[in-house]
Amino acid sequence: MKFDEVIMGRRSIRGYLDKPVPRELIKEVLSLAMRAPSSMNTQPWYFHVITGEPLDRIRAGNTERNLAGVPHSREFRTGHAFDGVHRERQIGVAKQLFIAMGIARDDKDARLDWVLRGFRQFDAPVCVIITYDKDLADSDDTAFDCGAVTTALVNAAWSRGLGCVINSQGIMQSPVVREHAGIPDDQVIMKAVALGWPDESFPANAVVSERKNVSEAAVFTGFD
């Protein structure tokens, strides 16, 4: 694909085919992603790529703990809840997804199942956990760099016919993730990326999130 085709065509994938992703293809995607820029070339990121039985154990543990009401234990800071226009955008994409999936506002069972899909990594065949060294935990540059490489990852995956969705639900029960992914204690669990072959028949996969335009986001100074 051309660059513009990747950027304009990519969308978050929340439904996947039951089809394995070759290890060599994932390595190719990661090699591309790791060309992302980082502060002073620190390259703070690590990738824990999980599939098969270990991923199934993470799905089960996340689901059981959430249904049991175990408090979330996300390691990377969340900040306060969204408000104002940011909250409006959050609600807006949720409405798009619920309409696509035919989930009514008062359908509590369907809404719960949708939430649990996130904790199951959207039933994707592969999950990539992004981490960084605890020694860098007070560095905003590190979080910025890990965000950059994650964006590069999902775009590289799309260019190879794979789909992804960046999410936090899959890491909200960090002890489960840390145990079954074998993540060392000296790393901070930051984000999860579900990865696999898109299921084109899954309604939510057709959703294209609305974006603000350049005039709303950019300020040009010193131009004629």
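Residues T78 and H72 fail the side-chain proximity criterion, which asks for heavy atoms closer than 4.5 Å. Taking the side chain as every heavy atom from C-beta outward, I7 and W158 never approach each other to under 4.5 Å. Using a 4.5 Å heavy-atom threshold, the side chains of E210 and Q96 count as touching. Inter-residue side-chain proximity for T142 and T42 is flagged as unmet; no heavy-atom pair is nearer than 4.5 Å. Counting heavy atoms from C-beta on, the side chains of H86 and Q90 never come closer than 4.5 Å. Side-chain atoms of Q121 and I58, non-hydrogen and from C-beta on, never get closer than 4.5 Å to each other. Inter-residue side-chain proximity for S12 and S209 is flagged as unmet; no heavy-atom pair is nearer than 4.5 Å. Considering only heavy atoms from C-beta on, V93 stays 4.5 Å or farther from R89 through its side chain.
Distance check, rounded to the nearest 0.5 Å: CD1 of I26 to CG of L195 gives 6.0 Å. Within the model, atoms CG of N66 and CD of Q169 stand 9.5 Å from one another, a figure rounded to the nearest 0.5 Å. Atoms CG and CE, on N205 and M101 in that order, are 9.0 Å from each other to the nearest 0.5 Å. Between atom CG of residue N167 and atom SG of residue C127 there is a gap of 7.0 Å, rounded to the nearest 0.5 Å. Considering CG of D113 and CD1 of I103, their distance stands at 7.5 Å, rounded to 0.5 Å. Here the CD1 atom belonging to I50 is positioned 4.5 Å from the CD1 atom belonging to I129, to the nearest 0.5 angstrom.
Residues V21 and G196 share a closest heavy-atom pair of CG2-CA, 3.9 Å. Residues W197 and G161 come closest through the heavy atom pair CE3-O, 3.5 Å. Looking at every heavy atom in both residues, P203 comes nearest to A100 through CB-O, 3.2 Å. Taking each heavy atom of A204 and W114 in turn, the nearest pair found is CB-CH2, 3.7 Å. The nearest pair of heavy atoms linking M190 to A143 is CE-O, 3.6 Å. The shortest heavy-atom contact between A194 and Y16 is O-OH, 3.3 Å.
Criterion: ILVMFWY side-chain heavy atoms under 4.5 Å apart, direct or through other members. Under it, V149 and L30 are part of a common hydrophobic cluster. Hydrophobic clustering (ILVMFWY, side-chain heavy atoms < 4.5 Å, transitive): F98 and V207 are in one cluster. Follow the hydrophobic side-chain contacts under 4.5 Å out from I189 and you never reach V128; the two are in separate clusters. Following chains of ILVMFWY side-chain contacts shorter than 4.5 Å, one can reach V154 starting from V29, so the two form part of one hydrophobic cluster. Cluster annotation: M172 and L67 are assigned to the same hydrophobic cluster (Ile/Leu/Val/Met/Phe/Trp/Tyr, side-chain heavy-atom contacts under 4.5 Å, transitive).
Remark: D186 CG is packed, more than 12 non-hydrogen atoms of other residues, nucleotides or ligands lying under 6.0 Å away. Enclosure of atom NZ in K95 is not indicated, since only 12 or fewer non-hydrogen atoms of other residues, nucleotides or ligands lie within 6.0 angstrom.
Looking at E75, its side chain never comes within 3.5 Å of a backbone N or O of V188 through a donor-acceptor pair. A donor-acceptor pair is defined here as one N or O able to donate and one able to accept, closer than 3.5 Å; no such pair exists between the side chain of S159 and the backbone of M1. Using modelled atom types, one side-chain atom of E216 and one backbone atom of N213 make a donor-acceptor pair closer than 3.5 Å. Side chain of R77 to backbone of G79: no donor-acceptor contact under 3.5 angstrom is found. With Q173 contributing its side chain and V70 its backbone, the two residues share a donor-acceptor pair below 3.5 Å. At least one donor-acceptor pair under 3.5 Å links the side chain of N62 to the backbone N or O of G170. Of the possible polar contacts, one joining the T51 side chain to the P125 backbone as a donor-acceptor pair under 3.5 Å is found. No donor-acceptor pair under 3.5 Å is formed between the side chain of D141 and the backbone N or O of S139. Formation of a donor-acceptor pair under 3.5 Å by the R111 side chain with backbone atoms of R105 is found in this model. A donor-acceptor contact shorter than 3.5 Å is absent between the side chain of Q187 and the backbone of P184.
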Inset, instruction - Start with the C-alpha gap between D133 and Y46, add the side-chain angles, then the distance that decides, and say whether side chain to side chain contact (heavy atoms under 4.5 Å, CB included) holds. - result: CA-CA 9 Å; D133 289 327; Y46 296 95; 3.3 Å; yes
Inset, instruction - Before giving the answer on side chain to side chain contact (heavy atoms under 4.5 Å, CB included), spell out for F202 and R14 the whole-Å C-alpha distance, their side-chain angles and the decisive distance to 0.1 Å. - result: CA-CA 8 Å; F202 191 75; R14 296 175 172 86; 4.2 Å; yes
Inset, instruction - Start with the C-alpha distance between E200 and R11, add both sets of side-chain angles, then the distance that settles salt bridge (charged side-chain N to carboxylate O under 4.0 Å, His left out), and finish with yes or no. - result: CA-CA 12 Å; E200 299 298 342; R11 56 194 185 276; 3.4 Å; yes
Inset, instruction - Evaluate the criterion side chain to side chain contact (heavy atoms under 4.5 Å, CB included) for residue pair V49 and V126; output intermediate values, then yes/no. - result: CA-CA 7 Å; V49 187; V126 177; 3.7 Å; yes
Legend entry - Step-by-step side chain to side chain contact (heavy atoms under 4.5 Å, CB included) determination, R160 to L32: CA-CA 11 Å; R160 297 302 190 265; L32 289 171; 3.4 Å; yes
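Ring geometry, W45 versus F47: the interplanar angle falls from 30° to 60°, so the pair is classed tilted.
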